[in-house]
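Have a look at the structure below before the remarks.
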Protein chains: 2
Amino acid sequence: MGTRVRERLTGAAPGLIVELGWAGVSTRVLAERAGVTPGLVHYHFSSLQALLSEAAIGALTRLVDDLGALLEQAKSPEEAVEGMLTALSEYSGSDPMSLLVTETFLATTRDAELRGAVGEVLADFRARLAAWFAEHGVADPEATAAVLAATVDGLLLHRALLPEPEAAATVLRRLVAVRS
Amino acid sequence: MGTRVRERLTGAAPGLIVELGWAGVSTRVLAERAGVTPGLVHYHFSSLQALLSEAAIGALTRLVDDLGALLEQAKSPEEAVEGMLTALSEYSGSDPMSLLVTETFLATTRDAELRGAVGEVLADFRARLAAWFAEHGVADPEATAAVLAATVDGLLLHRALLPEPEAAATVLRRLVAVRS
DNA sequence: AAGTGCCTTGGGCACTCGTCCAAAAACGGT
DNA sequence: ACCGTTTTTGGACGAGTGCCCAAGGCACTT
């Protein structure tokens, strides 16, 4: 089954990207982690970059879907912010998911194709947030969505270095002020 | 003058980190950019990592000082947010400074010594912000500082992928609500 | 039994990497 | 002019890289 090998490789990639950095993942460590022979990497994928891109975009899409589903269940803007924060707090410490997001963002700087794909995922996330905000009477829904998405990423990034204060949620709630 | 060579190397490093990624900077391209022979890298620095760390921490410290000085001149919280945003907007597009910050943050994941040094710089920035907020009557100054610092980083990161709406500044101003 | 695909293996290719080092050069004091 | 120190040079070392490919294994049809 060739598909099994593909899945094993794309499944092993995100963890290694986080551990070693995007540029630190080599065909051989990736194959070893996936329990597969190094030669298979270039049989199933056109290049190592293509493999990493496919794996990262898959993980990002899944994350956005999860956060989106979580959003649907919230009743109020405050509850939405709260829910996203607690969901992300499970990723605390040197969270794999946030590091993967950041690594992927940086990789887009040097790969135009990847940049396009990740841009779509981010735009999709912003659009979902904005739609939900508009429905629930939050002022400036698009801008709020953009700022909130950026803040979430920034907090995840900073968290690895310095824990954020407890009151961060309180402050964040100010962002989603309901239109007066 | 040995010091001239040191400066040339640490001066060339940040640009290359942004262009090629932290892991993509090699002794030879760095030496070439600095107009220096490759062998000199390991004469003046104990390792390539040490060179990159020293250069990055220097650049970060300078950035925090600049933003801190800008903060001192602001009269109101709104003006402070405005000033920081416009200062950062000069870095628009694929801004070198924000990418350097992010690259350095990620590098801390795999270098404990660097993590400590960058953590200090970030803590210093948060402390300056918080002190200024407390003086000007912003509610929850520490938490606001943490969230704002994260948001600034996140916006810079996202900006390379997707331009943020004009109204982002309006939304950000909500963050620095004055204590009621 | 022979043939036909796809999948897998293990090694090889040309290259870059960080680091080191002997020898050459430049410098400064006498 | 000589000498000791610091700086610079250019090349070498072993290790690791992405990618490629001839050879074999395997499940299937004919």
Side-chain angles (χ1 to χ4, degrees), chain A residues 1-57 103-104 106-115 117, chain B residues 1-57 103-104 106-115 117:
Chain A
M1 287 299 164
T3 62
R4 283 248 82 92
V5 174
R6 271 189 76 98
E7 287 165 15
R8 290 176 75 93
L9 284 170
T10 52
L16 282 173
I17 292 175
V18 169
E19 288 173 39
L20 312 172
W22 189 282
V25 182
S26 71
T27 55
R28 295 180 240 267
V29 295
L30 180 56
E32 189 187 12
R33 175 73 58 98
V36 146
T37 328
L40 282 178
V41 169
H42 285 86
Y43 177 78
H44 289 284
F45 296 87
S46 62
S47 74
L48 181 61
Q49 278 306 308
L51 196 170
L52 296 180
S53 295
E54 184 177 319
I57 290 172
E103 287 283 358
T104 307
L106 280 184
T108 62
T109 303
R110 290 171 283 275
D111 184 331
E113 205 168 338
L114 180 62
R115 178 163 53 248
Chain B
M1 286 301 165
T3 62
R4 284 246 82 91
V5 173
R6 270 190 77 97
E7 286 165 16
R8 290 176 76 92
L9 285 170
T10 53
L16 283 174
I17 292 175
V18 168
E19 287 173 40
L20 312 172
W22 189 281
V25 181
S26 71
T27 55
R28 294 178 239 267
V29 296
L30 179 56
E32 188 187 12
R33 175 74 58 99
V36 147
T37 328
L40 281 178
V41 169
H42 284 85
Y43 176 77
H44 290 283
F45 295 88
S46 63
S47 75
L48 181 60
Q49 278 305 310
L51 195 170
L52 296 181
S53 295
E54 182 176 320
I57 290 172
E103 287 282 358
T104 307
L106 279 184
T108 63
T109 303
R110 290 171 282 275
D111 184 331
E113 205 167 339
L114 180 62
R115 178 163 53 248

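No hydrogens, no waters, no symmetry mates; every other heavy atom, side chains included, goes into these values. Predicted, not measured: the structure shown is a model, and the values here were computed from it. The chains referred to below are lettered A, B, ... by the order of the sequence lines, with proteins before strands, and numbering in each begins at 1.
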Considering heavy-atom distances to DNA chain C, does A:V36 or B:S46 have its closest nucleotide positioned more toward the 5' end? A:V36
[X] has an atom [atom1]; how far is it from atom [atom2] of [N], in whole Å?
X	N	atom1	atom2	answer
A:L48	D:dC19	CG	P	6 Å
A:E32	C:dT9	CD	C1'	16 Å
A:D111	D:dG18	CG	P	15 Å
A:H44	C:dC6	NE2	P	13 Å
A:L16	D:dT17	CG	P	12 Å
A:L30	D:dG16	CG	C1'	16 Å
A:L9	D:dG18	CG	C1'	15 Å
A:F45	C:dC7	CZ	C1'	14 Å

Point-to-point distance, once rounded to the nearest 0.5 Å, from [atom1] of [X] to [atom2] of [Y]:
X	Y	atom1	atom2	answer
A:L52	A:T104	CG	OG1	9.0 Å
B:L106	B:D111	CG	CG	13.0 Å
B:H42	B:L40	NE2	CG	11.5 Å
B:E7	B:H44	CD	NE2	11.0 Å
B:T109	B:L114	OG1	CG	9.5 Å

Which one, [options], comes nearest to the side chain of [X]?
X	options	answer
A:Y43	C:dT19, C:dC7, D:dC19	C:dC7
B:S47	C:dG10, C:dT19, D:dG18	C:dT19
B:L40	D:dT9, C:dG10, D:dC19	D:dT9

Taking all heavy atoms of [X] and all of [Y], pick out the closest pair and write down the distance.
X	Y	answer
B:W22	B:E103	N-OE1, 3.3 Å
A:L51	A:V41	CD1-CG1, 3.9 Å
A:T10	A:A55	O-CB, 3.6 Å

Does a side-chain N or O from A:H42 land closer than 4.0 Å to OP1 or OP2 of D:dC21, or not? no
Are B:T37 and D:dT8 close enough that a side-chain N or O sits under 4.0 Å from OP1 or OP2? no
Contact list for residues 15-39 of chain A, test salt bridge (Lys or Arg N to Asp or Glu O under 4.0 Å), sequence neighbours left out: A:E19-A:R33
Check every strand shown and say whether A:V29 touches a base, only sugar-phosphate, or nothing at a heavy-atom separation below 4.0 Å. nothing
What contact category does A:S26 fall into here, base, sugar-phosphate, or nothing, at under 4.0 angstrom with non-hydrogen atoms? sugar-phosphate
May I ask you to decide if A:A50's main-chain N or O and A:S47's side chain share a donor-acceptor pair within less than 3.5 Å? yes
Nucleotide N/O to protein N/O under 3.5 Å, stretch nucleotides 21-26 of chain C:
none

Taking a pair as Watson-Crick (N1 to N3 plus N6-O4 or O6-N4) or G-U wobble (N1-O2 and O6-N3), both under 3.5 Å, which stems of 3 or more consecutive pairs involve DNA chain D? C:2-4 with D:27-29, C:6-29 with D:2-25
Answer with yes or no whether A:R28 presents, from its side chain, a donor or acceptor under 3.5 Å of a partner atom in the base of D:dG16. no
